[in-house]
S.K.: 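Structure incoming, see below.
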Amino acid sequence: MRQLNLERLFVNRYQTLTVTIYCALAALPCLIFPHPIALLPLAVIPLGLMFILRKPFVICLTFILFSFFRLHEVFPQLDPIKLPLLTALGSYFVLFWHIILTKKVQVYWRHEHTIFARFFGWVVLGIAFSSYPPAAFGSFTSVYVKIGIMVMAISWLMTEYWHFKLAHLLIIFSGLAVGGVTLYNNANGIGMVEETRVTIPGTSLGDPNDLSLVLSFPMSYAVALATTKNTGKFRTLLGLVSIVVFVSSIIATQSRGGLLATVAVFGIFGLRIIKSKLLLISIGSFSLLILVAAAGISDRKSGGAAEEGLDESAMGRIHAWEAAFNMGVRNPLTGVGLSLFLDNYWNYATHSRAEGKAHVTHSTWFQVLAESGFVGLGLFGFMIFTIFMSINSSLKRLDRNKDSPEYDPHMTAIAVGTYAGLAGFCVSGSFLSQGFLWPVYIITSISIAIANYIDNNYSAEETAQEPTSIVNEDKIKKTGKDL
């Protein structure tokens with residue numbers, strides 16, 4: 001009987017090895033994460049592996065949402081589970097599994113990929129010529145390399161119709177979670193800076209300007225959901241409620257960049273609805289005045305009406321921009337290196353330490369100039385221009401196909417939401433250092449995925465009628481000559 005059991009054990013040695021490894025791994029969470037909640041993911045690992053292998057885009061999207069909205073910081077109860085780490089590892093695993101092994105994920109390359117790769121490669125090249133390569137390389141490995149991987153991952157994995165609908169809704173819901181905490185903090189006086197500006201303390205959103213930028217991104221998708229016809233009553237209502245939450249939250253931050261981004265987002269939708277440009281400009285200007293009054297900008301400690309001339313906030317930005325420009329002039333090719341602006345600030349600042357303190361660039365454009373040079377700024381600007389043109393082309397193709405069987409209003413909603421989100425980023429990003437963080441790269445990857453989806457699901461005859469008719473006419477002429 002013992003011999004029989006040993007034979008069975010030998011025959012099923014692969015199963016035995018698997019169970020042994022799994023049991024050994026079961027002890028690791030207790031050693032790495034000494035918290036009871038950390039053991040919960042262990043029970044669902046087998047089901048989780050099956051799920052992420054069948055739905056790889058979901059795990060990738062979850063990683064993006066936690067990275068962008070910092071949900072594990074906004075809700076500290078989630079931090080012990082280490083969801084960003086788990087979803088990051090899961091994303092890399094499914095990419096390797098489905099690209100290398102199963103080949104279920106079709107890898108493709110578009111013009112937008114090339115433009116992004118040029119800028120990304122230039123930033124990587126600049127690390128070797130930076131003022132302090134170890135620090136630049138550390139910043140690259142901690143954040144920027146993940147951004148590079150995820151731009152490709154999202155564009156390759158986001159291929160089906162339900163992917164776009166899911167991303168649209170989850171971005172809005174994640175934004176509502178952050179907006180809800182923002183309004184709660186504002187109502188209870190939690191995390192206030194300068195006594196009147198709300199933040200989420202203890203998180204990466206502890207700066208009201210950063211918080212307003214994060215909220216402006218889902219706001220663009222909420223406006224798209226509310227203004228696009230035939231998306232359904234529930235989604236329209238969700239969009240309207242979300243708009244109220246996002247605008248109220250941005251007002252509570254008293255961020256001038258956030259208010260400008262709000263006007264820019266609504267302006268994109270106004271361009272599609274209002275034909276008169278003069279009327280649109282008038283409405284936009286009046287809306288901005290109302291938002292500034294509602295936000296109480298004049299009551300701010302810095303940048304308020306109490307300060308004469310250039311306020312401290314504006315002066316700090318000017319000093320930072322001067323330092324960034326000098327970095328670009330003296331290092332025109334590669335700049336001072338990734339995330340090394342502050343380390344080099346006093347070497348390039350035009351004011352003395354007595355006249356002010358070191359500031360971050362407070363501008364995406366000046367940050368890119370300082371840390372990647374004029375060449376990097378040119379590549380970055382061309383990338384933004386390319387994405388604008390790509391989304392605009394996608395919207396035009398969708399609009400031309402409104403009467404076709406393939407058309408779906410949800411695709412139009414996420415396309416115009418992405419377009420408005422990029423416009424909002426360009427405006428608010430002019431007052432924030434976001435050149436090497438998630439927002440613009442998420443927009444880039446989604447716009448590439450939209451363009452690829454339209455190419456694969458909308459017939460060329462319907463989306464490019466004029467070129468097709470010319471080709472057909474040429475063929476007819478040639479056929480007539482042959483006859």
Side-chain angles (χ1 to χ4, degrees), residues 68-70 171-172 174-176 178-179 182-183 186 197-200 204-205 207-227 239 242-272 280-281 283-297 300 303 313-314 317 360-368 380-381 384 387-388 391 414 416-435 437-444 446-447:
F68 181 77
F69 291 100
R70 314 304 297 175
I171 288 173
I172 291 177
S174 298
L176 285 175
V178 176
T182 301
L183 293 178
N186 186 58
R197 308 181 67 189
V198 67
T199 67
I200 302 180
S204 303
L205 306 178
D207 186 293
N209 297 310
D210 292 332
L211 178 57
S212 66
L213 174 63
V214 167
L215 291 169
S216 67
F217 181 58
M219 180 180 65
S220 64
Y221 286 116
V223 180
L225 208 57
T227 57
S242 301
I243 290 171
V244 174
V245 173
F246 294 138
V247 172
S248 301
S249 301
I250 292 173
I251 288 175
T253 64
Q254 293 185 330
S255 170
R256 290 173 289 196
L259 297 179
L260 289 172
T262 301
V263 174
V265 167
F266 280 94
I268 293 297
F269 293 94
L271 286 173
R272 292 175 58 84
L280 180 62
I281 294 173
I283 294 175
S285 302
F286 183 67
S287 300
L288 181 59
L289 292 175
I290 293 177
L291 288 173
V292 170
I297 297 295
R300 280 177 47 173
S313 177
R317 280 186 169 87
V360 294
T361 51
H362 286 295
S363 171
T364 294
W365 317 105
F366 279 104
Q367 179 192 19
V368 174
F380 182 79
I384 297 294
I387 298 306
F388 262 122
I391 306 175
I414 193 169
V416 71
T418 305
Y419 192 78
L422 182 56
F425 166 81
C426 290
V427 173
S428 63
S430 298
F431 305 95
L432 292 170
S433 306
Q434 295 286 329
L437 297 178
W438 287 101
V440 67
Y441 301 102
I442 294 177
I443 294 172
T444 297
I446 293 177
S447 68

S.K.: Using the test side-chain hydrogen bond (donor to acceptor under 3.5 Å, both in side chains), find all partners of Ser216 that sit at least two apart in sequence or belong to another chain.
M.R.: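 Ser216 satisfies side-chain hydrogen bond (donor to acceptor under 3.5 Å, both in side chains) with no other residue.
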S.K.: Report the distance from atom CD1 of Ile391 to atom CD1 of Ile443, rounding to the nearest 0.5 Å.
M.R.: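 The CD1 atom of Ile443 is 7.0 Å from CD1 of Ile391, to the nearest 0.5 Å.
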S.K.: Could you tell me whether the side chain of Val247 reaches within less than 4.5 Å of the side chain of Phe266, counting heavy atoms only?
M.R.: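 They are in contact (side-chain heavy atoms under 4.5 Å apart), so the answer is yes.
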S.K.: So Leu213 and Val427, side chain to side chain contact (heavy atoms under 4.5 Å, CB included) or not? Walk me through it.
M.R.: CA-CA 10 Å; Leu213 174 63; Val427 173; over 6 Å; no
S.K.: Using side-chain heavy atoms (C-beta onward) and a distance below 4.5 Å, is Val244 in contact with Ser248?
M.R.: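 SC-SC contact between Val244 and Ser248 confirmed.
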S.K.: With a 3.5 Å distance limit and no angle check, can you tell me whether Gln367 reaches the backbone of Gly435 through a side-chain donor-acceptor pair?
M.R.: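 Between the backbone of Gly435 and the side chain of Gln367 there is a qualifying donor-acceptor contact (under 3.5 Å).
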S.K.: What's the spacing between Met219 CE and Thr262 OG1 if we round to 0.5 Å?
M.R.: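 That separation rounds to 3.5 Å.
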S.K.: Measure the shortest side-chain to side-chain distance between Ile414 and Tyr419 over non-hydrogen atoms and say whether it is less than 4.5 angstrom.
M.R.: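 Not touching, per the 4.5 Å side-chain cut-off.
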S.K.: What's the verdict on side chain to side chain contact (heavy atoms under 4.5 Å, CB included) for Leu432 and Ser363, showing C-alpha distance, side-chain angles and the deciding distance?
M.R.: CA-CA 5 Å; Leu432 292 170; Ser363 171; over 6 Å; no
S.K.: How many angstroms lie between atom CG of Leu215 and atom OG of Ser249, to the nearest 0.5 angstrom?
M.R.: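 The distance works out to 5.5 Å.
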S.K.: Under the ring pair (Phe, Tyr, Trp, His ring centres under 6.0 Å) rule, collect the residues that match up with Phe380, sequence neighbours excluded.
M.R.: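 Result, ring pair (Phe, Tyr, Trp, His ring centres under 6.0 Å) vs Phe380: Phe119, Trp365.
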S.K.: Does a donor on one side chain and an acceptor on the other come within less than 3.5 Å for Arg197 and Asn209?
M.R.: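 Yes.
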S.K.: Please enumerate all residues that pass side-chain hydrogen bond (donor to acceptor under 3.5 Å, both in side chains) together with Ser212, with sequence neighbours excluded.
M.R.: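 Counting only residues at least two positions away or on another chain, Ser212 forms a side-chain hydrogen bond (donor to acceptor under 3.5 Å, both in side chains) with Ser255.
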S.K.: Apply the test side chain to side chain contact (heavy atoms under 4.5 Å, CB included) to residues Phe431 and Arg317: give CA-CA distance (whole Å), side-chain angles for both, the deciding distance (0.1 Å), then the verdict.
M.R.: CA-CA 8 Å; Phe431 305 95; Arg317 280 186 169 87; 4.0 Å; yes
S.K.: With sequence neighbours left out, what residues match Tyr221 under side-chain hydrogen bond (donor to acceptor under 3.5 Å, both in side chains)?
M.R.: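 Partners of Tyr221 under the side-chain hydrogen bond (donor to acceptor under 3.5 Å, both in side chains) test: Thr418.
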S.K.: Taking all heavy atoms of Asp207 and all of Thr199, pick out the closest pair and write down the distance.
M.R.: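 So the minimum-distance heavy-atom pair works out to C-CG2, 4.2 Å.
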S.K.: Can you tell me how far apart CD1 (Ile387) and OG (Ser447) are? Round to the nearest 0.5 Å.
M.R.: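 Here the rounded value is 3.5 Å.
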S.K.: Within this structure, what is the OG-CZ distance for the pair Ser430 and Phe366, rounded to the nearest 0.5 Å?
M.R.: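 The distance works out to 9.5 Å.
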S.K.: May I have the step-by-step check of side chain to side chain contact (heavy atoms under 4.5 Å, CB included) for Val440 and Gln434, ending in yes or no?
M.R.: CA-CA 8 Å; Val440 67; Gln434 295 286 329; over 6 Å; no
S.K.: From Thr364 OG1 over to Leu437 CG, what is the distance, rounded to the nearest 0.5 angstrom?
M.R.: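 If we round to the nearest 0.5 Å, Thr364:OG1 and Leu437:CG are 8.5 Å apart.
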S.K.: Run the ring pair (Phe, Tyr, Trp, His ring centres under 6.0 Å) test against Phe68 and tell me which residues pass, sequence neighbours left out.
M.R.: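 Ring pair (Phe, Tyr, Trp, His ring centres under 6.0 Å) list for Phe68, sorted by chain: Phe217.
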S.K.: With Trp438, which residues qualify under side-chain hydrogen bond (donor to acceptor under 3.5 Å, both in side chains), at least two apart?
M.R.: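 Scan of Trp438 (side-chain hydrogen bond (donor to acceptor under 3.5 Å, both in side chains), adjacent residues dropped) gives none.
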